Undergrad: 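Here you go, one structure.
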Amino acid sequence: EGQLQLREVSGIPLQASTVDNWSQIQNFEAKPDDLLICTYPKSGTTWIQEIVDMIEQNGDVEKCQRAIIQHRHPFIEWARPPQPSARNAKDCMVSYYHFQRMNQILPDPGTWEEYFETFISGKVGWGSWFDHVKEWWEIKDRYQILFLFYEDIKRDPKYEIQKVMKFMGKNLDETVLDKIVQETSFEKMKENPMTNRSTVPKSILDQSISPFMRKGTVGDWKDHFTVAQNERFDEIYRQKMKGTSIKFLTEL
Ligand code: A3P
């Protein structure tokens with residue numbers, strides 16, 4: 001049980017394995033052409049990782065399927081290596097809740113009502129959604145940062161993938177772009193063993209409880225939030241996000 005507790009580093013609750021590798025994270029030095037993906041959990045990390053790899057490999061599917069996504073894009077806390085990707089807080093909360101249900105090395109989320117409070121208080125792995133999103137949004141123009149929204153990629157994948165391509169200094173043909181759009185669709189990635197985490201042992205990710213590629217939609221929160229929870233959330237959101245110009249779509 002003890003190992004399932006999150007441990008705080010500088011006030012941010014983290015998974016034990018992340019804390020164990022903390023010195024590696026702190027000593028990480030980016031090289032000029034490194035590309036870092038900085039997502040809040042459950043905001044489409046895997047999705048953007050696959051998009052970036054597909055662009056990098058010029059749409060070569062075989063090359064992208066050479067290894068599981070975790071090896072092609074190692075987590076900074078687990079190996080060595082900004083591109084923040086944000087997802088609206090409500091869908092993110094829902095996705096994180098189901099992820100904690102199936103993830104056997106993160107704390108049990110409890111009931112949905114309990115998790116709602118945990119998420120709002122920021123006492124979840126990697127800290128508060130509000131802080132993460134606000135901080136990246138504030139500094140996005142000061143550095144070479146491409147800020148992406150899950151909802152935008154969902155709405156117009158080709159346009160957003162093109163943005164990533166330009167950011168990476170690549171110029172791919174229309175046909176290659178179309179192929180990348182297809183290959184990085186939810187349906188494809190859900191079936192693809194190199195992206196769907198099916199190779200992770202059940203003792204870590206129990207996909208019989210909830211699949212890693214769960215729904216991949218915008219607006220699933222409507223099937224989880226009660227009317228009262230929604231009103232309360234909107235109020236807390238207004239307080240916590242006061243003064244920021246960021247806008248999220250919560251439905252398509
Ligand atoms: P849901 O739980 O809402 O389905 P992360 O990779 O950061 O852990 O994020 C996981 C979330 O992104 C899951 O959301 C997952 O289904 C969704 N996702 C993964 N690949 C996707 C894709 N190609 N298109 C849309 N959503 C995707």
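Only a predicted model underlies this, so the values are computations on that prediction, with no experimental measurement involved. Order of appearance sets the numbers: ligands from 1, and atoms from 1 within every ligand.
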Undergrad: Tell me which one of Y96, Y150, Y97, Y40 gets a heavy atom nearest to atom 27 (C) of ligand 1.
TA: Y150

Undergrad: Hey, which atoms in ligand 1 end up nearer than 4.0 Å to a heavy atom of S185?
TA: 23 (N)

Undergrad: Looking at ligand 1, does any of its N/O atoms fall within less than 3.5 Å of an N/O of R214?
TA: yes

Undergrad: Does ligand 1 have an atom that lies less than 4.0 angstrom from a heavy atom of T184?
TA: yes

Undergrad: Decide if atom CZ of F186 counts as having more than 12 heavy atoms of other residues, nucleotides or ligands within a radius under 6.0 Å.
TA: yes

Undergrad: Among protein heavy atoms, which lies nearest atom 20 (N) of ligand 1, and at what distance?
TA: M213 SD, 3.5 Å

Undergrad: Atom 15 (C) of ligand 1: which protein heavy atom is closest, and how many Å away?
TA: F212 O, 4.0 Å

Undergrad: Quick check: do D178 and K158 have side-chain heavy atoms less than 4.5 Å from each other?
TA: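 Yes. Closest side-chain heavy atoms under 4.5 Å.
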
Undergrad: Look at atom NZ of K170 and say whether more than 12 heavy atoms of other residues, nucleotides or ligands are closer to it than 6.0 Å.
TA: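 Above 12, so yes.
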
Undergrad: Applying a 4.0 Å heavy-atom criterion (strictly less than), which segment of M189 is in contact with ligand 1: side chain, backbone, both, or neither?
TA: side chain

Undergrad: Looking only at protein heavy atoms, identify the closest one to atom 6 (O) of ligand 1 and say how far it is in Å.
TA: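 Here the nearest protein heavy atom works out to T46 OG1, 2.6 Å.
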
Undergrad: Can K42 be said to touch ligand 1, with heavy atoms closer than 4.0 Å?
TA: yes

Undergrad: Identify, with sequence neighbours excluded, every residue that meets side chain to side chain donor-acceptor pair (under 3.5 Å) alongside R238.
TA: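 Residues passing side chain to side chain donor-acceptor pair (under 3.5 Å) with R238: E235.
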
Undergrad: With only distance considered, is S95 within less than 3.5 Å of ligand 1 through an N or O on each side?
TA: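 Looking only at distances, the answer is yes, because the N/O contact criterion of under 3.5 Å is met.
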
Undergrad: Determine whether V52 and I68 fall in the same hydrophobic cluster, where Ile, Leu, Val, Met, Phe, Trp and Tyr are linked whenever their side-chain heavy atoms lie under 4.5 Å apart.
TA: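 Different clusters.
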
Undergrad: Counting C-beta onward and ignoring hydrogens, is there a side-chain heavy-atom pair between L14 and W22 closer than 4.5 Å?
TA: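 Sidechains of W22 and L14: in contact.
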
Undergrad: Could you name the option among H98, E50, K190, K215 that has the heavy atom nearest to atom 4 (O) of ligand 1?
TA: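 That would be K215.
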
Undergrad: Using a 6.0 Å cut-off, check whether atom CD of E62 has over 12 heavy atoms from anything other than its own residue.
TA: no

Undergrad: State whether a side-chain donor-acceptor pair under 3.5 Å links N196 with S198.
TA: yes

Undergrad: Which protein heavy atom lies closest to atom 7 (O) of ligand 1, and at what distance to 0.1 Å?
TA: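 The closest one turns out to be T45 OG1, 2.4 Å.
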
Undergrad: Among protein heavy atoms, which lies nearest atom 16 (O) of ligand 1, and at what distance?
TA: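 Result: F186 CE1, 3.2 Å.
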
Undergrad: Taking N or O atoms only and a 3.5 Å limit, does P41 qualify as a polar contact for ligand 1?
TA: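 No; the residue has no nitrogen or oxygen that sits under 3.5 Å from a nitrogen or oxygen of the ligand.
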
Undergrad: Using the six-membered ring of F147, assess whether NZ or CZ of K140 lies under 6.0 Å from its centre and within 45 degrees of the ring axis.
TA: no

Undergrad: Would you please say whether a donor-acceptor pair under 3.5 Å links the side chains of N230 and K222?
TA: no

Undergrad: By number and element, which atoms of ligand 1 are closer than 4.0 Å to a non-hydrogen atom of S43?
TA: 7 (O), 9 (O)

Undergrad: So, taking the atom named CD1 in I180 and the one named CG in D53, what distance separates them when rounded to the nearest 0.5 Å?
TA: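 Atom-to-atom, I180:CD1 and D53:CG are 10.0 Å apart.
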
Undergrad: In ligand 1, which numbered atoms sit nearer than 4.0 Å to a non-hydrogen atom of R87?
TA: 1 (P), 3 (O), 11 (C), 14 (O)

Undergrad: With a 4.0 Å cut-off on heavy atoms, does F99 reach ligand 1?
TA: no

Undergrad: Applying a 4.0 Å heavy-atom criterion (strictly less than), which segment of T217 is in contact with ligand 1: side chain, backbone, both, or neither?
TA: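 T217 to ligand 1: no contact under 4.0 Å from either part.
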
